[in-house]
Each structure stands twice: as C-alpha cells, then as structure tokens.
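Notes for the one structure printed next.
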Amino acid sequence: MMDELPIDTSHPAVREYLALIRLQVLTPLSLLVNIATLMVCTLVLEPNLGDIAKLYPSSISPKPSMIAVFIVAIYIGQVGYCILLVFSRKPETKRALIKGCGFPLMLANWVMAFWAIAWILQAFLLSTICLGILLALLLYANVVLLIYHAPTSKRPFDVAFIHAPLRGFLLFPLGVMFPYSLFVTLGLTWSPGEPQHYDRGQWSGFAVMITVNLVGLLVIILRRDIVWCAAATWICASLWSEKPKPYPVSFVVIMFTFLHPAALIASTLWAWLRGRKRGTGPIALPPDGEDHVQGRPAGERPAREVDTEALWG
C-alpha cells in the first residue's frame, strides 16, 4: 500500500511530516484518556484517589488537594503543548516535538492513566512500577530536550509550552508520587486510627526528601529554572501541609520551601551582577605594534604638515 503512494516515504522530510501528523493525532488522544481516567477515579469512584491516599498515611504523604491542583496545572500546560503541536511552523520547534519529547510524552499520558487505575485497585506494586516507567519516560524526554533542543529566548512559545510542561510533569513522580507509592508498597505506613505511629519510616522519608530536594536545588542554582523552583516549592508545601509528619521530614520540606525560591533569586542576582561586571570592564587600547607597522617607532607621534606661507605671512 505504501509503495503505491505517489510520494517517497523514505525521504527524511516526508518521514518527519508523517511523524508530526501521528503526534498531532495521538498526543491529544492520550491526554484526553489521561484526563478522563483521573476524573472518573476522582469524581465517580468510591473510594477515590485521595481517599486511598488517606487510608495509607506515611512520613512523605502529600496533601491530596494540593497534588490535584498540581495535576491540573500539568494538564493546562499540556493543552498548550497540543495547540503548539498543531500550529507550529518553525522547523526548530517541529524537530523538538518530533525528535525530542513527542513520543515519550504520549506514552507518559497512557502510563499515568494506568497508574490511576492501579491506585484505585490498591495494586500498589503495579502502581509503583507504572510510576517508575513514568519517571523514566519523562526523565528521558527532559534530558533530550536539554541537550539537543535547549530552551532559548528566541522561541518563547517553545519554552512555555514544551519545556515548562515537561519539567513540571517530571516533578510529579520524581518529587513525591514515586517515593510515596514505594513507601506504601514496602509497608512504611501506619493505620489512620493510630497517628501515634507517625514516625514509622521517618529516616527513610528524611533521606528521600533531602536527596530529591538537593538535586532540585542544584538544578535551580545552575540553570535558574523557574518551573522547577515553583513545582518543587509547591510539592514541599503539599508535604508539610499534610499532618501528622515526623520532625525530620517536616524540617526538610519546610526548609526547602524557602530555600528553593531563595536560591533562584540569589542565582539570578549573581548572573546579573556578573553580566554588569563584564559590560563595564577596562577600555582596550590599541597595541603598541601598530606604530611599527606604519613605519614609526613606538610612542612617536606623526609629524604635522605646516603651511609655511601662512606662518611667515
């Protein structure tokens, strides 16, 4: 069938065009499936996603309502991504969509839908596996975007609707959901009726939270990443908002709630001051060798022409 088409499907430009068409169809479809699945699991089924989280409190349990707001923000960003996917005209943008993040993001939406089903069924091992796959897909997409399709101020729509949604989506499993699901799978939880056991797994939670947030802090300082700062700060706030929490975990997440914005401000000011210092450097003087090239000794001024008639009248 493909051999009978009047176009050469082996040509790179044709292959890229067909890949873009597939993404323009499959990506919005995967997003709709993701949104519909989470809406059914949240608004229709009982117990819903938040209720199950409350049945298994742990030292790193987030506040369900704040995670819901975070997921809505991810969906809004992906709607912008789908619009850019359809109306993009710049070849750099198309390459970023096709070769950078298109296929991994489409798969990530399907995986997140399967995670919601596994969580509702309380199949926590399957839930953890889904979140691990989700984390790997999003990490791969972000690394490829950063290396081969780096964000630039020349293409602000790429930054707003490709890089920002992918970065925020990455923080969903990395910052809280994958570690939390792993804790539930390993039994590092307590019964909702026994809050006196809230210190169970506190040092494991402390280690996970300080590691994840230190990595995020390095990203914020080195790249001055506003999206990572906002997402990591929100996740930290969702953790200490859910009570009770053991002291080591509460201390870490409250500390990083203030450290992330402070690091972003300090890093931005440092870059601005360095830019000003470079712009106000010493004035470069011409090298001494120029006089030698013109046949004059170094430091000797050229002779002036004198009008003798004007001088002697």
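- Here the shortest heavy-atom pairing between Gly77 and Pro165 reads O-CG, 3.5 Å.
- Two residues are said to be in side-chain contact when any heavy atoms from C-beta on lie closer than 4.5 Å; Thr37 and Phe114 fail this criterion.
- Side-chain contact between Tyr148 and Arg95 is absent, with no heavy-atom pair separated by less than 4.5 Å.
- Considering CG of Asn142 and CG of Leu137, their distance stands at 11.0 Å, rounded to 0.5 Å.
- The minimum heavy-atom distance linking Ala116 with Leu38 is given by the pair CB-CD1, 3.6 Å.
- Taking Ser250 as the reference, nothing meets the side chain to side chain donor-acceptor pair (under 3.5 Å) condition, with sequence neighbours excluded.
- Judged by distance alone, the side chain of Gln202 and the main-chain N or O of Pro248 form no donor-acceptor pair under 3.5 Å.
- Residues that satisfy the ring pair (Phe, Tyr, Trp, His ring centres under 6.0 Å) test with Phe161, not counting sequence neighbours, are absent from this structure.
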Between Ile117 and Leu121, is a side-chain contact (heavy atoms from CB on, under 4.5 Å) present by the stated rule, with each step listed? CA-CA 6 Å; Ile117 296 171; Leu121 296 176; 4.0 Å; yes
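- A distance-only check finds no donor-acceptor pair linking the side chain of Thr189 to the backbone of Tyr56 [under 3.5 Å].
- Nearest heavy-atom pair, Met66 versus Ser241, reported as atom, atom and distance to 0.1 Å: SD-OG, 3.7 Å.
- Listed for the Lys54 side chain is no donor-acceptor partner under 3.5 Å among the backbone atoms of Pro64.
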Show your reasoning for whether side-chain contact (heavy atoms from CB on, under 4.5 Å) applies to Ile60 and Val176. CA-CA 8 Å; Ile60 56 172; Val176 63; 5.9 Å; no
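- Between Gly168 and Phe70, the closest heavy-atom pair is O-CZ, 3.4 Å.
- A 6.0 Å sphere centred on CZ of Phe103 holds no more than 12 heavy atoms belonging to other residues, nucleotides or ligands.
- Distance check, rounded to the nearest 0.5 Å: NE2 of His260 to CD1 of Ile220 gives 5.0 Å.
- Both Val44 and Val33 sit in one connected hydrophobic cluster of ILVMFWY residues. Membership requires side-chain heavy atoms under 4.5 Å apart, directly or through other members.
- Both Leu214 and Leu259 are assigned to one and the same hydrophobic cluster, defined by single-linkage of ILVMFWY side chains at heavy-atom distances under 4.5 Å.
- With contacts defined as side-chain heavy-atom distances shorter than 4.5 Å, the pair Asn48/Leu43 does not qualify.
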Does the side-chain contact (heavy atoms from CB on, under 4.5 Å) test come out yes or no for Gln78 and Ile74, once each step is laid out? CA-CA 6 Å; Gln78 285 203 57; Ile74 292 173; 3.9 Å; yes
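- Leu188 is not listed as a side-chain neighbour of Tyr180, based on a closest heavy-atom distance of 4.5 Å or more.
- At a threshold of 4.5 Å between non-hydrogen side-chain atoms, the residues Leu170 and Trp228 count as touching.
- With Asn213 contributing its side chain and Val252 its backbone, the two residues share no donor-acceptor pair below 3.5 Å.
- When the side chains of ILVMFWY residues are joined at heavy-atom separations under 4.5 Å, either directly or via intervening members, Ile226 and Val215 end up in two distinct hydrophobic clusters.
- A heavy-atom distance below 4.5 Å is not found between the side chains of Cys236 and Ile254.
- Remark: the backbone N or O of Phe178 is not paired with any side-chain donor or acceptor of Ser181 at under 3.5 angstrom.
- Judged by distance alone, the side chain of Lys245 and the main-chain N or O of Leu239 form a donor-acceptor pair under 3.5 Å.
- A distance of 15.5 Å separates OH in Tyr247 from OG in Ser59, rounded to the nearest 0.5 Å.
- A donor-acceptor pair under 3.5 Å is absent between the side-chain atoms of Asn109 and the main chain of Ser30, judged by distance alone.
- There is no path of hydrophobic side-chain contacts, each under 4.5 Å, that joins Met106 to Tyr17.
- Judged by distance alone, the side chain of Lys243 and the main-chain N or O of Trp240 form a donor-acceptor pair under 3.5 Å.
- Looking only at distances, a side-chain donor or acceptor of Ser267 sits under 3.5 Å from a matching main-chain atom of Ile221.
- Proximity of Tyr81 to Thr27: side-chain heavy atoms (C-beta onward) are separated by under 4.5 Å at one or more points.
- Judged by distance alone, the side chains of Trp119 and Ser127 never bring a donor and an acceptor atom under 3.5 Å apart.
- Pairing each heavy atom of Leu97 with each of Leu84, the nearest pair is CD1-O, 4.2 Å.
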Would you sort out whether Thr233 and Thr257 count as a side-chain hydrogen bond (donor to acceptor under 3.5 Å, both in side chains), showing the intermediate values? CA-CA 5 Å; Thr233 303; Thr257 302; over 6 Å; no
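- Side-chain polar atoms of Asp158 and Thr93 form a donor-acceptor pair below 3.5 angstrom.
- Residues Ser65 and Val69 form no side-chain contact, since every pair of their non-hydrogen atoms from C-beta on lies 4.5 Å or further apart.
- A donor-acceptor distance shorter than 3.5 angstrom exists from the side chain of Thr152 to the backbone of Lys154, with no hydrogens or angles considered.
- Residues Leu171 and Ile235 share a closest heavy-atom pair of O-CD1, 3.3 Å.
- Note on Val72 and Val40: separate hydrophobic clusters, where clusters join Ile, Leu, Val, Met, Phe, Trp and Tyr whose side-chain heavy atoms are under 4.5 Å apart, directly or indirectly.
- If you take CG on Leu32 and OH on Tyr75, they are separated by 10.5 Å, rounding to the nearest 0.5 Å.
- Rounding to the nearest 0.5 angstrom, the gap separating the CZ atom in Phe169 from the CE atom in Met112 is 5.0 Å.
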Walk me through whether Met209 and Phe256 qualify under side-chain contact (heavy atoms from CB on, under 4.5 Å). CA-CA 10 Å; Met209 286 297 106; Phe256 279 103; over 6 Å; no
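- Separation of atoms NE2 (His163) and CG (Asp225) is listed at 10.5 Å; rounding is to 0.5 Å.
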